Number of protein chains: 2
Amino acid sequence: MEKKENIIESAQKLFSRFGFLKTTVDEIAKAARMGKASIYHYFKSKEDIFREVVEKERQILSGKTREAIERENTPQDKIKAFIVTRMECLSELANIYDALKNEYLEHYAFIEKARAANFREEIETVKAILQDGVNDGVFEIYDIELTSFAIITALKGLEYPWTIEIPSHEIEKNIDKLLDILFNGIVKR
Amino acid sequence: MEKKENIIESAQKLFSRFGFLKTTVDEIAKAARMGKASIYHYFKSKEDIFREVVEKERQILSGKTREAIERENTPQDKIKAFIVTRMECLSELANIYDALKNEYLEHYAFIEKARAANFREEIETVKAILQDGVNDGVFEIYDIELTSFAIITALKGLEYPWTIEIPSHEIEKNIDKLLDILFNGIVKR
DNA sequence: GAATCGACCAAAAAACGAATATAGTCGAGA
DNA sequence: TCTCGACTATATTCGTTTTTTGGTCGATTC
């Protein structure tokens, strides 16, 4: 399966640079040093190639996020690790970012599936951390599923397509403040 | 100034329906029962018309939000009133929604200004409520500006262009849960 | 003088048809 | 089995023409 991996690697680079729509199968073939028609021996379609590239990046994202979480001890630090690692990875893995965010890709069924799966995975990850926190007596939460949902929603605000310029150190402070609010709330203790 | 108000009203309807870009000055003139050239006696440009329409809606939004907040007694209820009223109004006032969100309008300087002004107003509104809460001994907050910023960020998650379908009762529950987290946090008290 | 609008203009947008590019197929050859 | 040149239907791009649009100007009316 060396040829197939070679194609995936070439495609990953080109898709990252030019996006799914602007990258041609011919370009992928050339970068993989083969004829275009040969690509179809290994993949059913251009979409199939992209799906496998996105899956590869999803596995990288999952792996790094899991590692970062496992490196921490408190549920608070685990949540922070989840948020920070995820943001860092998404800014590097251009293809999965596209798959999740690019509105021009919305109408592809496989993109819809990838987005639903990603959302589910985020919820499950946060749920697991929250459950541990509750089991350890650190967190007090009555509806873990809904709380996970709310947290993911709040985090989406960090990804919001801000239409005004915000300095990046403000975003970091913002993350820390969001975490502070998440853990302690604003009502006097 | 009756003629000018008539133009604004006609324009508001047409802009709401077709958007700024797709509405022509000729259509506005016809709806206002005058010749196109007469519009330019009252307004400098098409952009000028839109600016005034957006300003009119901003005042409606501001007014309703302020009323809703003043109707409440506790800082918690005031924050909720702010969030709920704002979401309701934005879903009705199509022109200010466009001005704030539509990426095809981004390059107009007056849109940029409107967005910055709106953001500032949101921050100031939340800050005022938080300050009252602190003064009343209900909230305990060390950086009110940053906290306001974080809250607005989290609320942006509710406006996130979700690329997967979410039932609307889930969104309501999500608001309540977000408020619960905002007030009480998740760390055991 | 203020308000109105038909005629006009430059530039932008839309429409159109021809040319080119693209994803995918097929069959011959190694 | 793997490779790829030749091929096809369709999509995209391109250049040109036509139409539309925002805005201006000057004559007319009140």
Side-chain angles (χ1 to χ4, degrees), chain A residues 1-55 95 98-99 102-112 114, chain B residues 1-55 95 98-99 102-112 114:
Chain A
M1 283 302 164
E2 187 172 295
K3 281 288 173 78
K4 188 166 177 172
E5 294 310 317
N6 188 32
I7 297 171
I8 289 178
E9 198 171 307
S10 298
Q12 189 177 10
K13 285 187 183 114
L14 288 164
F15 284 145
S16 283
R17 176 130 183 233
F18 302 109
F20 171 66
L21 298 175
K22 285 287 184 178
T23 301
T24 64
V25 176
D26 210 18
E27 287 167 347
I28 294 170
K30 286 194 174 80
R33 297 173 188 264
M34 64 177 61
K36 186 180 67 165
S38 305
I39 297 272
Y40 291 89
H41 178 77
Y42 299 91
F43 294 90
K44 204 171 121 185
S45 62
K46 183 180 174 184
E47 191 176 302
D48 203 26
I49 305 175
F50 190 60
R51 186 189 296 114
E52 296 218 10
V53 166
V54 169
E55 176 58 22
N95 289 305
D98 246 22
N102 189 338
E103 65 180 88
Y104 293 103
L105 300 185
E106 267 175 20
H107 59 280
Y108 289 94
F110 80 95
I111 292 287
E112 206 179 307
Chain B
M1 285 303 163
E2 188 173 296
K3 282 288 172 77
K4 188 165 177 174
E5 295 310 317
N6 187 33
I7 297 170
I8 290 178
E9 197 171 306
S10 300
Q12 189 176 10
K13 284 182 185 126
L14 288 166
F15 285 145
S16 285
R17 173 124 185 240
F18 301 111
F20 172 65
L21 297 175
K22 284 289 182 176
T23 301
T24 65
V25 176
D26 211 18
E27 287 166 349
I28 294 169
K30 287 192 172 83
R33 298 173 186 266
M34 64 177 58
K36 185 180 69 167
S38 303
I39 297 271
Y40 291 89
H41 179 75
Y42 299 91
F43 294 92
K44 204 171 123 191
S45 63
K46 183 182 178 184
E47 192 175 302
D48 203 26
I49 305 174
F50 190 59
R51 186 189 293 115
E52 295 217 10
V53 166
V54 169
E55 175 59 22
N95 289 304
D98 245 25
N102 189 338
E103 65 179 86
Y104 293 101
L105 301 183
E106 266 175 23
H107 59 280
Y108 290 92
F110 81 95
I111 293 287
E112 207 179 303

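Fair warning: this is a prediction, and the values are worked out from it, not measured in the lab. Just so you know, these numbers use all the heavy atoms, side chains as well, and skip hydrogens, waters and symmetry mates. Lettering follows sequence order; numbering is per chain, from 1.
Residue B:Ile49 contributes atom CD1, which lies 9 Å from atom P of D:dG22 at whole-angstrom precision. Taking atom CD1 of B:Ile7 as the reference point, atom P of D:dG23 lies 14 Å away to the nearest angstrom. Going from atom NZ of A:Lys4 over to atom P of D:dC2 covers 12 Å, rounded to whole Å. Distance A:Tyr42 OH to D:dC2 P: 6 Å, rounded to the nearest Å. B:Phe18 places its CZ atom 16 Å from the C1' atom of D:dT21, with the value rounded to the nearest Å. Rounded to whole Å, the distance from CG on B:Asp26 to P on D:dT24 is 16 Å. Atom pair A:Tyr40:OH and D:dG5:C1' shows a separation of 15 Å (rounding to whole Å applied). In this entry the distance linking NE2 of B:His41 with C1' of D:dT28 reads 15 Å, nearest Å.
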* To do: Please assess B:Lys36 against B:Thr24 for the test side chain to side chain contact (heavy atoms under 4.5 Å, CB included), listing each intermediate value before the final yes or no.
  => CA-CA 10 Å; B:Lys36 185 180 69 167; B:Thr24 65; over 6 Å; no
* Asked: side chain to side chain contact (heavy atoms under 4.5 Å, CB included) between B:Glu103 and A:Glu103: does it pass, once the steps are laid out?
  -> CA-CA 12 Å; B:Glu103 65 179 86; A:Glu103 65 180 88; 3.2 Å; yes
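Using a 4.0 Å cut-off, some side-chain N or O of A:Lys22 falls inside it from OP1 or OP2 of D:dT13. Note on A:Lys3: a side-chain N or O is less than 4.0 Å away from OP1 or OP2 of D:dT3.
Residues A:Asn95 and A:Phe15 come closest through the heavy atom pair OD1-CB, 3.0 Å. Taking every heavy atom of both residues into account, A:Leu105 and A:Asp98 meet most closely at CD1-O, 3.8 Å. Between A:Glu27 and A:Lys22, the shortest heavy-atom distance links the atoms OE1-O, 4.0 Å.
The pair A:Glu9-A:Lys13 counts as a salt bridge, with a side-chain nitrogen and a carboxylate oxygen less than 4.0 angstrom apart.
Comparing D:dT3, D:dG23, D:dT21 against the side chain of B:Thr24 picks out D:dT21 as the nearest.
Between B:Phe50 and B:Tyr108, the distance separating the two ring centers is not shorter than 6.0 angstrom.
If A:Glu27 and A:Lys44 are placed on DNA chain C by their nearest nucleotide, the residue sitting closer to the 5' end is A:Glu27.
Along DNA chain C, the stretch of nucleotides lying under 4.0 Å from any heavy atom of chain B spans, 5' to 3', C:dA3 to C:dA14.
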